[in-house]
Amino acid sequence: MRRSPLLFTAPLVLLVLLVLILLWEAVRANVPPGAGDDWPWRLRLLDMEVLGSLLAVATGAVLARAQYARTVRPYLGYRGSWRKGLLAEGKPAWRVGILNGGQHIAVVDSWECRVVRGVSDEASAPWAAVPDVVSTLTAAGLSAGRDYQLIAFGAGFPLVGTGNYDTVPVGVFSQRCVERVESLHIRVRVTDVVGDSHERVLDCMRGARAEYNVPGAEPVNE
C-alpha cells in the first residue's frame with residue numbers, strides 16, 4: 001500500500017515540525033537567564049499557547065485521517081469456479097472474478113497481466129497489457145473466444161464496494177487453456193477515496209487443477 005503524499009504525508013510532516021518546535025521552545029525556556037539574550041536562544045518561533053493549539057489540531061487530524069483510511073480501505077479478493085456454457089455450449093470453463101469487499105469505491109490505476117507457461121518462467125515473465133498477453137496466448141496455440149476470454153479494465157474503472165461476494169469477471173479459461181498455461185497472473189492497482197494506493201495479484205489458475213475443484217465443484221474463494 002502507498003499512502004497519499006498530500007493527504008497523509010503532509011499532515012504527518014506538519015505534526016513532526018510542530019513537535020520539533022515544541023522541543024525547541026522547551027529547551028529555550030530552560031536556558032540560564034543570562035543566556036536568553038544571546039543567539040540562537042533569543043529565537044522564538046511560536047507562542048506556547050498557539051503551539052499547543054496547533055499540536056492538538058494536527059494530532060487530531062492525523063489520527064482522524066488514519067481511522068478514516070481504515071474505514072474506506074478496499075478489500076480486494078478473487079474467486080474461481082468451473083461453470084458450463086461460458087465459452088462453448090455444455091463445456092466447463094474456469095471463471096475468475098474480482099471483488100471489492102469493502103464498503104467504499106476504489107478506482108483502478110493499472111491492470112497488468114503475465115503468462116507463466118512453466119515453473120522456471122515465473123521469475124522472468126514480464127508484466128504486460130492485456131493485448132500483449134493475448135498475443136502470447138495466441139502464439140501458444142490458444143484462441144480468444146474459444147479457449148479463453150480476458151477482460152481489460154482501464155484506468156478509472158470503479159470497483160464498487162459490494163459488502164457481499166458478487167464478483168466482476170476478469171477471465172474465462174477452457175480446460176485446454178488450464179492444461180497448457182501454468183499460471184496467469186493479473187496485477188491490479190487501485191486508489192481509494194482518501195488517495196491511498198493498494199495492489200493485489202490474482203493467480204487465475206489457482207485451484208483450477210485441484211482434485212477437490214474438478215469441473216462442477218463449488219467455487220474457490222481467495
Side-chain angles (χ1 to χ4, degrees), residues 1-2 74-102 105-162 165-192 196-210 213-215 217 219-222:
M1 182 176 67
R2 183 179 62 84
Y75 293 90
L76 302 178
Y78 65 103
R79 178 170 62 182
S81 61
W82 286 102
R83 300 184 184 181
K84 291 185 177 180
L86 296 179
L87 290 175
E89 186 69 29
K91 298 291 185 180
W94 179 251
R95 177 194 181 276
V96 178
I98 188 173
L99 64 91
N100 173 15
I105 195 172
V107 177
V108 173
D109 286 332
S110 66
W111 189 275
E112 299 174 301
C113 309
R114 69 176 181 182
V115 175
V116 180
R117 298 190 60 189
V119 178
S120 59
D121 297 334
E122 186 166 353
S124 59
W127 292 102
V130 169
D132 297 327
V133 172
V134 169
S135 300
T136 301
L137 294 174
T138 301
L142 300 170
S143 300
R146 186 185 68 184
D147 295 310
Y148 67 92
Q149 286 182 348
L150 278 176
I151 300 174
F153 290 76
F157 181 86
L159 289 176
V160 180
T162 62
Y165 295 105
D166 294 335
T167 62
V168 178
V170 300
V172 182
F173 311 94
S174 67
Q175 285 185 280
R176 181 169 177 261
C177 182
V178 170
E179 291 169 358
R180 289 198 175 191
V181 177
E182 179 68 24
S183 296
L184 193 150
H185 297 159
I186 295 176
R187 182 172 65 184
V188 53
R189 292 192 183 100
V190 300
T191 298
D192 62 22
D196 293 342
S197 297
H198 308 264
E199 180 179 303
R200 182 72 195 266
V201 176
L202 288 60
D203 186 352
C204 292
M205 299 303 175
R206 184 177 181 182
R209 292 180 285 267
N213 199 30
V214 294
V220 173
N221 295 321
E222 300 293 347

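Closest non-hydrogen pair, P74 versus D192, comes out as CD-CB, 3.7 Å. For the residue pair P126 and R114, the shortest heavy atom distance occurs at O-CB, 3.1 Å. Taking both residues in full, the closest heavy atoms of G77 and R200 are given as CA-NH1, 3.6 Å, listed atom of the first, atom of the second, then distance.
Contact check for V190 versus V108: side-chain heavy atoms found under the 4.5 Å cut-off. Looking at R95 and P169, their side chains come closer than 4.5 Å, going by heavy atoms from C-beta outward. In this structure, the side chains of V178 and W82 come closer than 4.5 Å at one or more pairs of heavy atoms. Taking the side chain as every heavy atom from C-beta outward, N100 and L76 approach each other to under 4.5 Å. Side-chain contact between V96 and I186: absent, with no pair of heavy atoms (C-beta onward) separated by less than 4.5 Å. Within the 4.5 Å cutoff, side-chain heavy atoms of L150 are placed close to those of L184. Proximity of V170 to W111: side-chain heavy atoms (C-beta onward) are separated by under 4.5 Å at one or more points. Between S197 and D109, some side-chain heavy-atom pair lies under the 4.5 Å cut-off.
Annotation: the span from L86 atom CG to K91 atom NZ amounts to 14.0 Å, rounded to 0.5 Å. The line from OG of S110 to CZ of R187 is 6.5 Å long, rounded to the nearest 0.5 Å. Put simply, CD on E182 and CZ on R209 are 5.5 Å apart, with the number rounded to the nearest 0.5 Å. Residue W127 holds its CH2 atom at 6.5 Å from NE2 of H185, rounded to the nearest 0.5 Å. Separation of atoms OG1 (T136) and CG (L142) is listed at 10.5 Å; rounding is to 0.5 Å.
Among residues two or more places apart in sequence or in another chain, the side-chain contact (heavy atoms from CB on, under 4.5 Å) test is passed with P158 by I105. Applying the salt bridge (Lys or Arg N to Asp or Glu O under 4.0 Å) test to R176 and every residue at least two apart in sequence or in another chain returns D147. The ring-ring contact (aromatic ring centres under 6.0 Å, His included) search around F157 returns F153, not counting sequence neighbours. R189 pairs by the salt bridge (Lys or Arg N to Asp or Glu O under 4.0 Å) definition with E112, E199, not counting sequence neighbours. For S143, the side-chain hydrogen bond (donor to acceptor under 3.5 Å, both in side chains) partners at least two apart in sequence or on another chain are R146.
No hydrogens or angles considered: a donor-acceptor pair under 3.5 Å links the side chains of S81 and R83.
Pairs of residues two or more places apart, or lying in two chains, never qualify as salt bridge (Lys or Arg N to Asp or Glu O under 4.0 Å) while including a residue from residues 131-145.
Looking only at distances, a side-chain donor or acceptor of W94 sits under 3.5 Å from a matching main-chain atom of C204.
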